[in-house]
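Worksheet for the structure shown next.
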Amino acid sequence: MIVARELLGKIVVRTWNEHLLSGVISETEAYLGETDTASHASRGRTPRTQTMYGPPGRAYVYLVYGMFNMFNVVTEPEGVASAVLIRGLQPLQGHEVMRELRKSGKGLTDGPGKLCQALAIDRTLNGIDLTAGQPLWIEDRNIKPGPIYSGPRIGIDYAGDHDRLAERRFWIEKG
DNA sequence: AGCACGATCTGA
DNA sequence: CAGATCGTGCTA
């Protein structure tokens, strides 16, 4: 929750094939823990959710719908399965390469699946340390906060009423 | 072993 | 609004 808001305005940086790709985080979603029926962690500890239970500051990357990767940041200490899904970025550097990586569609980094394509993020990056630089990390340049909006999360109709309606999606003004 | 179903996106 | 597409977790 707190981290989801704090991540807004921070920079995701990715190095790929000698290229530097980056963008400002503009939309996030918080997935709280085993009690959050919208979270993968609600099914307990499984092979896939391992990294969510691991130390914070790592990447939790998984595949949905058989074709899209989702990029999350693990937030709580080891043992607690909490993560923040990165849903949107405002591209900063590497527009050309991002376009190339995405090939089809219009948006570049608006949407969790799209941004993973644009930044060449897949499950091979699952579990990596996001505070250790290459090949993927998060930077805190001091970007002015601006107003933060919130609303219910997307694509979680399977969750129980409480979690489905809870406002755990956050975003800032679009570019 | 088999099955139902996604933390999505695209094009009609 | 339907289809793509396959890993995961549940049931047996």
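These figures come from a predicted structure and were not determined experimentally.
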Exercise. Just how far, in rounded Å, is P of dT8(B) from CD of E27(A)?
Worked result: 10 Å

Problem set entry | N-O pairing of R168(A) and D163(A) below 4.0 Å | yes

For this session: Mind checking M67(A) for me? I need base, sugar-phosphate or nothing, with any heavy atom below 4.0 Å counting as a touch.
Result: base

Problem set entry | D36(A)/R164(A) salt bridge by N-O under 4.0 Å criterion | no

For this session: Using only heavy-atom distances, determine whether the side chains of Y31(A) and H40(A) contain a donor-acceptor pair under 3.5 Å.
Result: no

Exercise. Do NZ/NE/NH1/NH2 and the carboxylate oxygens of K10(A) and E139(A) come within less than 4.0 Å?
Worked result: no

For this session: Quote, to the nearest angstrom, the P distance that separates dG2(B) from dT5(C).
Result: 22 Å

Problem set entry | Interatomic distance, L63(A) CG vs dT8(B) C1' [rounded to whole Å] | 10 Å

Exercise. How close or far is atom C1' of dT10(B) from atom CG of D110(A), stated in whole angstroms?
Worked result: 13 Å

For this session: Determine: side-chain N/O of K106(A) to OP1/OP2 of dC9(B), distance under 4.0 Å, yes or no.
Result: no

Seminar exercise, completed: Of the listed dA7(B), dT10(B), dT8(B), the closest approach to the R102(A) side chain comes from dT10(B)

For this session: Please answer whether dG6(B) and Y158(A) are stacked, defined here as ring centres separated by less than 5.5 Å and planes angled under 30°.
Result: no

Problem set entry | Y149(A) side chain vs F170(A) backbone, donor-acceptor pair below 3.5 Å | no

For this session: Output yes when at least one side-chain N/O atom of Y62(A) is less than 4.0 Å from OP1 or OP2 of dG6(B), else no.
Result: no

Exercise. Atom CG of N69(A) to atom C1' of dC9(B): distance rounded to whole Å?
Worked result: 13 Å

Exercise. Under the salt bridge (charged side-chain N to carboxylate O under 4.0 Å, His left out) test, which residues partner E100(A), sequence neighbours left out?
Worked result: none

For this session: Check every strand shown and say whether G66(A) touches a base, only sugar-phosphate, or nothing at a heavy-atom separation below 4.0 Å.
Result: base

Exercise. K114(A) NZ to dG11(B) P: how many Å, rounded?
Worked result: 10 Å

For this session: Using a cut-off of strictly less than 4.0 Å, decide whether R168(A) has a side-chain nitrogen or oxygen near OP1 or OP2 of dA7(B).
Result: no

Exercise. Taking atom P of dA7(B) as reference, at what distance in whole Å does atom OH of Y60(A) sit?
Worked result: 9 Å

Exercise. Do S39(A) and S42(A) have a side chain donor and acceptor closer than 3.5 Å?
Worked result: no

For this session: Assess the side chains of Q90(A) and S26(A): does a donor N or O sit below 3.5 Å from an acceptor N or O?
Result: no

For this session: Give I156(A) one of three labels, base, sugar-phosphate or nothing, depending on what nucleic acid heavy atoms sit under 4.0 Å from its own.
Result: sugar-phosphate

Problem set entry | Closest-nucleotide ordering on DNA chain B, the 5'-leading residue of I154(A) and G107(A) | I154(A)

Exercise. For S150(A) and E167(A), does a side-chain donor sit closer than 3.5 Å to a side-chain acceptor?
Worked result: yes

Problem set entry | Span of DNA chain C in contact with chain A (heavy atoms, under 4.0 Å) | dA4(C) to dC10(C)

For this session: For the side chain of F68(A), starting at C-beta, report the closest nucleotide among dA7(B), dT10(B), dC9(B).
Result: dC9(B)

Exercise. Which part of the nucleic acid, if any, lies within contact of R43(A), taking any heavy atom under 4.0 Å across all strands shown: a base, the sugar-phosphate backbone alone, or nothing?
Worked result: sugar-phosphate

For this session: Represent DNA chain C in dot-bracket notation, 5' to 3'. Only Watson-Crick or G-U wobble pairs with both distances under 3.5 Å count; pseudoknot-style crossings use [ ] and interstrand partners use |.
Result: ||||.||||||.

For this session: May I ask you to test the N69(A)-R123(A) pair for a side-chain heavy-atom distance under 4.5 Å?
Result: yes

Problem set entry | Rounded distance in Å - CZ (R123(A)) to C1' (dA7(B)) | 15 Å

Problem set entry | d(OH, Y65(A); C1', dG6(B)) in whole Å | 5 Å

